[in-house]
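Protein chains get the first letters and strands the later ones, always in sequence-line order, with residue 1 at the start of each. Being a predicted model, the structure only gives us computed values, none of them experimental.
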2 protein chains.
Amino acid sequence: MSVTIKDVARMANVSVASVSRALNGHGGVTAETQKRIREVAARLRYVPHNAARSLITRRTQTIGALLPDLHGAFFSELIRGIDLAARARGLYMLVSSSHGDATEAAIALRAMQGRVDGLLVMSPHADEVFLDENLPIVLPTVLINSHVRSDRHAALDVDDYGGARTMTEHLLGLGRKRIAFIAGPEVNHDVQERCRGYREALAAAGLADRAIVLPGDFTEESGYHAGKQALAMVPRPDAIFAANDMMAIGCLSALSEAKVRTPEDIAVAGFDDIPMARYVTPPLTTVRVRIAELGEAALERLVRMIEAPDDAAPEPRTVVGTELVVRASCGGNDAVRRRA
Amino acid sequence: MSVTIKDVARMANVSVASVSRALNGHGGVTAETQKRIREVAARLRYVPHNAARSLITRRTQTIGALLPDLHGAFFSELIRGIDLAARARGLYMLVSSSHGDATEAAIALRAMQGRVDGLLVMSPHADEVFLDENLPIVLPTVLINSHVRSDRHAALDVDDYGGARTMTEHLLGLGRKRIAFIAGPEVNHDVQERCRGYREALAAAGLADRAIVLPGDFTEESGYHAGKQALAMVPRPDAIFAANDMMAIGCLSALSEAKVRTPEDIAVAGFDDIPMARYVTPPLTTVRVRIAELGEAALERLVRMIEAPDDAAPEPRTVVGTELVVRASCGGNDAVRRRA
DNA sequence: AGCTCGTGTGAAAACGTTTACGTTCCGCGC
DNA sequence: GCGCGGAACGTAAACGTTTTCACACGAGCT
């Protein structure tokens, strides 16, 4: 097909070795021949064939990202963070997302073989057995928000627990006593941690028995239903803390539909701080997750692993912080409070 | 490093050729040996090295996506659409985004060489000269929302013109007479088309001289400023049509701050139908762009080009439709009207 | 019996690089 | 005059596949 290194070599009256050396700046060629070779290469529009190069150098300059369904602002931001950090290092990003089941994810994982220098994995299917089965041992891998607690794999998490605890404490601090929590998909690791933060904050305030956990699945609709449910309770909760913003927004609809005032009658809080949170009525108090930062941190970690394969000192599990973002939906003054 | 086809061959007492045939199901192997080879391969956790395979087959099972900054809901959706369609075909997606300048984009473009079977390009730098300079001629490429009007490249566009025209007509139909338009970045092809739709709709209604175009840059802030500007005009516009939703949202803030009622005093409309549009107050009338569909369509087109390199009949420039989404911000009843 | 044919298998070439190792050449010191 | 060292460059191996070709073998036909 295209023009190869041999063509360049022929046109420049040198061997392919010299072309390679000249183009990669490895020295061992006169400045003059180097110049000539470069000119010929440019004239011929020569571009090295990456597959061939990867084959011999064992480097692809590419990292793989195994992600769940790309839906929603979360993954958009995550990809953005990864991409930004990757591009700063001249790396490319091979994306594979939305794997319905573990088999599909396994296929995707195997297909990354020989295509990437490292892997970023954020998948509900990525339990320990799965990884052991399908991961080539040699491939550096960073797990993002995984429930796998193994020190065989590097991992990076959002501080779900801390964020939820801070939010619950914030609500308690505002004088709310009956705080309901809308949960997400049960298998979800984030949800579990957020729920744990909620429960422990209540327990710390001596209100352990006041915990009310409503079911949800991260969709706006499920938030709406949970809102209805909360309204029907006696005594009514005076605050609702949803495990993500979309459910909080659904909940707001349910309340406004029932002519219940927010935050006067019931305060509402979310988690994530998706862009929309600022614009709903009333603006949503939430926990900001610095998702792009998570992506960046994960990539940086991965790069370190790639560059130093002799991971003598496996770094500890890292956690990226959250911030409490106070808006009108819970009362109190607007503010952002950082939490490491 | 890893286990190669040779290892499998040795363990199974066959040649590498047989292993290749057995694993790829090319026939020419007894059912029995095929089974044996498969078992050995599974036991050894053999995974073919993709770089080597690509080198010889000249197929990478990967498509490249050259995108501008991934910010915002638009690219998130676009990537999602592409990824969905790609994964349905067993293709992977190599993403490269946010190129500050043409040089950077050129480097990214060249780096795709030998890594992808085809290219999806959506970049402000992708003018004709740029493409000619940097695109290996052989690589199938689909341009998305590009201003390049060449039949040498396949292209796919959003019907910006039609959408904007429909919206303007809708506003006129609601009795609005002085409709202002908030533009976006001047170089942007979408903006130009949207503005053209706006102008021509006015012209068709005999109101060509009533066109008011305010500057903007797609950010919420610029929408806010444009809103202020509109408020200061005499006579005041009775409708504002922003070239994207974020600016419309900024504009809404400016109006509500000035205690101007929407839609009673001034109607506001946007473009894109980002998820947030439904949730602002009042909910935003806008033009829905089915972005994921755009991504899918682009990928499908690309796949067709890859599979039939003898593009005897280059398909015409394709346009994906828009829908008018009527919500409260302009008055009228909620509805979605499709436009091919 | 001899020929052809099909079928299973292996040897080896090919893909386009990088790089270890030779080779040539030249200058220099003895 | 001779050996030596280093610089510039070429040769060829290697990376891990796929695929073409050749080969061996048995069955079926004349």
Tell me: CG of Leu23(A) to C1' of dT19(C), nearest whole Å? 15 Å
Any side-chain N or O of Thr30(A) below 4.0 angstrom from OP1/OP2 of dA7(D)? no
Please state how far atom CG in Asn24(B) lies from atom C1' in dT19(D), giving the value in whole angstrom units. 11 Å
Value for CD1 (Ile306(A)) from CD1 (Ile63(A)), rounded to nearest 0.5 Å, stands at 7.5 Å
Do NZ/NE/NH1/NH2 and the carboxylate oxygens of Arg10(A) and Asp7(A) come within less than 4.0 Å? yes
Using a cut-off of strictly less than 4.0 Å, decide whether Asn50(B) has a side-chain nitrogen or oxygen near OP1 or OP2 of dT17(D). no
Answer yes or no: does a side-chain N or O of Arg53(B) lie under 4.0 Å from OP1 or OP2 of dG16(D)? no
Starting at NZ of Lys6(B) and ending at P of dA11(C), how long is that distance when rounded to a whole Å? 13 Å
Starting at the 5' end of DNA chain D, which residue's closest nucleotide do you reach first, Thr4(B) or Ala31(A)? Ala31(A)
Output yes when at least one side-chain N/O atom of Arg58(A) is less than 4.0 Å from OP1 or OP2 of dT18(C), else no. no
Toward the 5' end of DNA chain C, which comes first, Leu55(B) or Gln34(B), by nearest nucleotide? Gln34(B)
Select one nucleotide: of dG16(C), dT17(D), dT18(D), the one nearest the side-chain heavy atoms of Ala52(A). dG16(C)
By the salt bridge (charged side-chain N to carboxylate O under 4.0 Å, His left out) test, which pairs, at least two apart or in different chains, include something from residues 22-35 of chain B? Lys35(B)-Glu39(B)
To the nearest Å, how far apart are His49(B) NE2 and dT17(C) P? 16 Å
So which of residues 10-21 of chain B are in contact with DNA chain D, with a heavy-atom cut-off of under 4.0 Å? Ala17(B), Ser20(B), Arg21(B)
Using OP1 and OP2 only, check whether a side-chain N or O of Thr33(B) sits under 4.0 Å from dT9(C). yes
When you compare the side chains of Arg301(B) and Thr318(B), does any donor N or O come within less than 3.5 Å of an acceptor on the partner? yes
Ignoring backbone atoms, establish whether His26(A) has a side-chain N or O less than 4.0 Å from OP1 or OP2 of dT18(C). no
For the residue pair Gly64(B) and Met112(B), what are the closest heavy atoms and their distance? CA-SD, 4.0 Å
Measure the shortest side-chain to side-chain distance between Glu307(A) and Arg89(A) over non-hydrogen atoms and say whether it is less than 4.5 angstrom. no
Tell me the interatomic distance from Ile5(A), atom CD1, to dT18(C), atom C1', rounded to whole angstroms. 8 Å
Which whole-number value in Å describes the distance from Ile37(A) CD1 to dG10(D) C1'? 12 Å
Ile56(A) atom CD1 is separated from dA12(D) atom C1', nearest whole Å, by 12 Å
For Ala292(A), which residues count as a side chain to side chain contact (heavy atoms under 4.5 Å, CB included) partner, sequence neighbours excluded? Glu77(A)
Nucleotide dG16(D), atom P - distance to CG of Leu44(B) in whole Å: 14 Å
